[in-house]
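Step one of this worksheet: look at the structure below.
Computed over heavy atoms, backbone and side chain alike; hydrogens, waters and symmetry mates excluded. Below, chains carry the letters A, B, ... as their sequence lines are ordered, and counting in each starts from 1.
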Amino acid sequence: MKERIASLIEQAIATLCEQQVLPTDVAPRIQIDRTRDKSHGDFACNVAMMLAKPAGKKPRDIAEALIAALPQDDAIADVQIAGPGFINFFVTEDFLGQQLTAALNDSHFGIAKPTHTQTVVVDYSGPNLAKEMHVGHLRSTIIGDAVVRTLEFLGHNVIRQNHVGDWGTQFGMLIAYLEEQPAGINDTALSDLESFYRAAKQRFDESEEFANRARQLVVALQGGDAHCLEQWRAFNSVSLRHCLDVYQRLGVSLSAADVRGESAYNDQLSLIVDALRDSNMLVENDGAQCVFLDQFKNKEGEALPVIVQKADGGYLYATSDLAALRYRQQTLNAERMLYFVDQRQALHFQQVFAVAKQAGFVKTDTDLAHMGFGTMNGADGRPFKTRDGGTVKLVDLLDEAEQRALALVKSKNPTLDDSELTNIAHTVGIASVKYADLSKNRSSDYIFNFDQMLSFEGNTAPYLLYAYTRVVSVFRKADIDPATLIGSMNIQAEQEQLLGNSLLQFGEVLNHVAEKGLPNLLCNYLYELAGHFSSFYEHCPILSSEDPAVRNSRLQLAWLTARTLKAGLALLGINTLERM
RNA sequence: GCGCCUGUAGCUCAACCGGAUAGAGCAACGGCCUUCUAAGCCGUAGGUUGCAGGUUCGAGUCCUGCCAGGCGCGCCA
């Protein structure tokens, strides 16, 4: 609809240019906004105010001329001038009903596929396989997954890349410790990766002999020693299994096939350094191989180096990130790459992106974006930790969320049997943790609070899940199959209009989420949609409507709401419940 | 020292590439259940958008300078 109105305005401007009311060289960006206040119509355009200065006329006069020159359109009920020169468009109820009917009868909600299907590589989750997943991995994993799902829904070609930390010095330590275990590698020894890592670390710190052995093993591992590689593979397979279990429990769409860790680029690292040398970008500094970029300065105001090879010959994460960038460009043919990684690595990504483009690893027109996010804090505003200051294991956090959800659901609805109760508690618990995170703006830090996320009031997962169950219960109660609904929607009441308008915004919200990598926009939208539905539900009787046409129309409106809520939550990676 | 991020109601958060009267929820107060799930709805109150300038018809949003907090800045990832 925005495009349609923009087109009308464009035609009107062209007409006025021909009539020399407006100078012929004006080419303003036509911006059509949804209005916040319905007294201002459904859409507003500010172009008259933008044209005022170049045309040397009063904005309201221009608005008046534009309206007079506007082509006829039967979707528009009225056009008015308001305020300093806004042009407000009122859409007809008929048109609203037609749009809604079209959305209802389309599996894709009437959302157009993109004119160009883009290949988007999305780098997210990326846990360190040396340890167990902890709360620090949550944001990357679920925000990345929500954006991935949204991009796919919109029709883009998405390639997930789980750049796991499966290579590096700590693996020597782990292998050394593994060899000391009498039982060798088995699930018992590794059932708690976190304790295993800590125990190994302790040995490393306490015993010089152990530490030396660990260092030797790193060299052997990187040199391709068969025994070390075998141990390393065995360790990683157990560790990865843990991650995949967490993904499954969280409802995250990553699988083993999406894993391409640091080790995958091992044989590329020396080639990356060679390529940089060939491009004359490499400078040796204190024995290390560096790329200096003028746009980044250090403490002394000198150019900051990106070190790609240490003085001892070892490579760094900048090197493997460059290798990954090249692979994603040249092999995966990415047109866009998104990195859902902690905001603290912003400088690192600016640097490797700049190096990759300068070295030609990545095409200049490839869109590289670091989608950074803030820290998850506890109630004290400090990074979320256990009572004794340790990192919180992700599984422990999820356990607690599910336990709390169970207690809550039980108290609200004691009649449910145990198996359904457990299922609901699982869905509500996981959904609450995910939604609490997804509903906050990615770039800011946020305070993690169980009570708030499990509240049934406000912008929370339980509120949305409940709203969904209310819609579907209408159909269950009346034993109506939504697939049998036919006829057109007829929008009359104020609550119907608000709900209807809200439903039609789904597509533009999703595009916005995909463009900015901000799932909170979708959360805000769904919350608003659920609110409009609740209001409609309260004020507009559905089943008990006397007029069959009204009843039919309202049933369709309700069903489109259910589908939109379910689809929207699914894009956030959240499952819905039929009852709770 | 340089750079990035953040600062909005008592609290937790919104605000669509600058748009009309800055919105929700919690907490506070007041209404609505013989009628589709009250886990809900309707309402009242609560603000100098950290401060000061600037650009603009119009600034929470853009620019400059301050203040406060977080984070980063050469061989860890």
* Interatomic distance at P, C75(B) relative to U12(B), whole Å -> 37 Å
* Looking at every strand, decide which applies to Ile447(A) at a 4.0 Å heavy-atom threshold: base, sugar-phosphate, or nothing. => sugar-phosphate
* To do: Could you check whether Asn459(A) gets within reach of a base, just the sugar-phosphate, or nothing at all, counting any heavy atom under 4.0 Å?
  => nothing
* Counting side-chain heavy atoms from C-beta on, which of G72(B), U6(B), G70(B) comes nearest to Arg344(A)? -> G72(B)
* Structure fact -> Among the nucleotides C41(B), A39(B), G74(B), whichever has the atom closest to the side chain of Asn413(A) is A39(B)
* Nearest to side-chain heavy atoms of Leu347(A), which nucleotide of G72(B), A77(B), G74(B) -> G72(B)
* When you check the gap from the basic side-chain N to the acidic O, do Asp451(A) and Arg404(A) get nearer than 4.0 Å? -> yes
* Is the shortest side-chain N/O distance from Arg36(A) to OP1 or OP2 of G23(B) below 4.0 Å? -> no
* To do: Using the C1' atoms only, state how far C29(B) lies from G10(B), rounded to an integer number of Å.
  => 15 Å
* Asked: Contact class for Asp286(A) (heavy atom, under 4.0 Å): base, sugar-phosphate, or nothing?
  -> base
* At under 4.0 Å between heavy atoms, what does His512(A) touch on the DNA or RNA strands: base, sugar-phosphate, or nothing? -> sugar-phosphate
* To do: May I ask you to decide whether Arg34(A) forms a salt bridge with Glu508(A), counting only side-chain N to carboxylate O separations under 4.0 Å?
  => yes
* Is the backbone of Met489(A) close enough, under 3.5 Å, to the side chain of Ser553(A) for a donor and an acceptor to pair up by distance? -> no
* **Proximal nucleotide (of G74(B), G40(B), G19(B)) relative to the Met49(A) side chain** => G19(B)
* What does Leu316(A) touch in the nucleic acid at a heavy-atom separation under 4.0 angstrom: a base, only the sugar-phosphate, or nothing? -> sugar-phosphate
* Structure fact -> On RNA chain B, more 5' by nearest nucleotide between Lys310(A) and Glu515(A) is Glu515(A)
* For U37(B), take OP1 and OP2 only and decide whether either is under 4.0 Å from a side-chain N or O of Ser473(A). => yes
* Structure fact -> Among the nucleotides A15(B), A39(B), G19(B), whichever has the atom closest to the side chain of Pro84(A) is G19(B)
* Asked: If each of Tyr317(A) and Ser39(A) is mapped to the nucleotide of RNA chain B with the nearest heavy atom, which maps nearer the 5' terminus, i.e. the 5' end?
  -> Ser39(A)
* **Is_stacked (Phe86(A), A20(B)) at 5.5 Å, 30 deg** => yes
* Using the P atom in both, what is the distance from G58(B) to G31(B), to the nearest Å? -> 46 Å
* Asked: Counting any heavy atom closer than 4.0 Å, what does Ala478(A) reach on the DNA or RNA strands: base, sugar-phosphate only, or nothing?
  -> nothing
* To do: Check every atom of G70(B), A77(B), U21(B) against the side chain of Arg382(A) and return the nucleotide holding the closest atom.
  => G70(B)
* **Pi stacking test for Tyr537(A) and C36(B): under 5.5 Å apart, planes under 30°** => yes
* Interatomic distance at P, C5(B) relative to A20(B), whole Å -> 25 Å
* Is there a donor and acceptor pair, one atom on the side chain of Asp342(A) and one on the base of A77(B), closer than 3.5 Å? -> no
* Asked: Looking at G19(B), A20(B), U12(B), which one has an atom nearest to any side-chain atom of Ala44(A)?
  -> A20(B)
* Sugar-phosphate only, base, or nothing, as touched by Ala311(A) at under 4.0 Å among non-hydrogen atoms -> base
* Asked: If we ignore angles and hydrogens, is there a donor and acceptor under 3.5 Å between the side chains of Ser263(A) and Asp166(A)?
  -> yes
* Asked: Under 4.0 angstrom, heavy atoms only, what part of the nucleic acid is Leu521(A) near: base, sugar-phosphate, or nothing?
  -> sugar-phosphate
* Go through the N and O atoms of the side chain of Arg470(A) and the base of C36(B), and report whether any donor-acceptor pair is under 3.5 Å. => no
* Structure fact -> The nucleotide from C73(B), A24(B), C57(B) with an atom nearest the side chain of Tyr527(A) is A24(B)
* State yes or no: are the ring centers of Phe349(A) and Tyr339(A) separated by less than 6.0 Å? => yes
* Asked: Checking all strands, does His348(A) fall into the base, sugar-phosphate, or nothing category for heavy-atom contacts under 4.0 angstrom?
  -> nothing
* **N/O (side chain, Ser535(A)) to phosphate O (OP1/OP2, C42(B)) under 4.0 Å** => yes
* Roughly how far apart, to the nearest Å, are A22(B) and A14(B) at atom C1'? -> 10 Å
* Structure fact -> Testing U21(B), U56(B), C36(B) for proximity to the side chain of Val474(A), the answer is C36(B)
* Asked: Base, sugar-phosphate, or nothing: which does Glu528(A) touch, judged by heavy atoms less than 4.0 Å apart?
  -> nothing
* Side-chain donor-acceptor contact under 3.5 Å, Asn441(A) with Tyr446(A) -> no
* Would you tell me if any nitrogen or oxygen in the side chain of Lys440(A) comes within less than 4.0 Å of OP1 or OP2 on U12(B)? => no
* To do: Give a yes/no on whether any side-chain N or O of Ser320(A) is located under 4.0 angstrom from OP1 or OP2 of A77(B).
  => no
* To do: Remember a base hit wins even if backbone is also touched, and classify Cys540(A) as base, sugar-phosphate or nothing at under 4.0 Å, heavy atoms.
  => base
* Any donor-acceptor N/O pair, Ser473(A) side chain to Arg470(A) backbone, under 3.5 Å -> yes
* Asked: Is the base of G43(B) syn or anti, where syn means the angle lies within 90° of 0?
  -> anti
* Whole-Å distance separating the CD atom of Gln351(A) from the P atom of C2(B) -> 18 Å
* Side-chain ion pair, Arg382(A) and Asp380(A), N-O less than 4.0 Å -> no
* To do: Under 4.0 Å between any heavy atoms, over every strand shown, what does Asn88(A) touch: base, sugar-phosphate, or nothing? Just pick one.
  => base
* To do: Report yes if at least one side-chain N or O of Lys516(A) is closer than 4.0 Å to OP1 or OP2 of C16(B); otherwise report no.
  => no
* **Side chain Ser534(A), main chain Ala530(A), donor-acceptor under 3.5 Å** => yes
* Between G40(B), U6(B), A20(B), which nucleotide gets closest to the side-chain atoms of Tyr463(A)? -> G40(B)
* Asked: So, do His163(A) and Tyr265(A) have ring centers that fall under 6.0 Å from each other?
  -> yes
* For Pro59(A), answer base if it contacts any base atom (sugar-phosphate contacts may also be present), sugar-phosphate if it contacts only those atoms, and nothing otherwise; contact means non-hydrogen atoms under 4.0 Å. => nothing
* Since syn is defined as within 90° of 0, does C33(B) count as syn or as anti? -> syn
* Consecutive-pair stems (at least three Watson-Crick or G-U pairs, under 3.5 Å) that include RNA chain B -> B:1-7 with B:67-73, B:10-13 with B:23-26, B:28-32 with B:40-44, B:50-54 with B:62-66
* How would you label the contact of Lys477(A) with the nucleic acid (heavy atoms, under 4.0 Å): base, sugar-phosphate, or nothing? -> sugar-phosphate
* Indicate, yes or no, whether a donor-acceptor pair under 3.5 Å links the base of A39(B) to the side chain of Tyr466(A). => no
* Is a side-chain donor or acceptor of Ser140(A) paired with a backbone partner of His137(A) at a separation under 3.5 angstrom? -> no
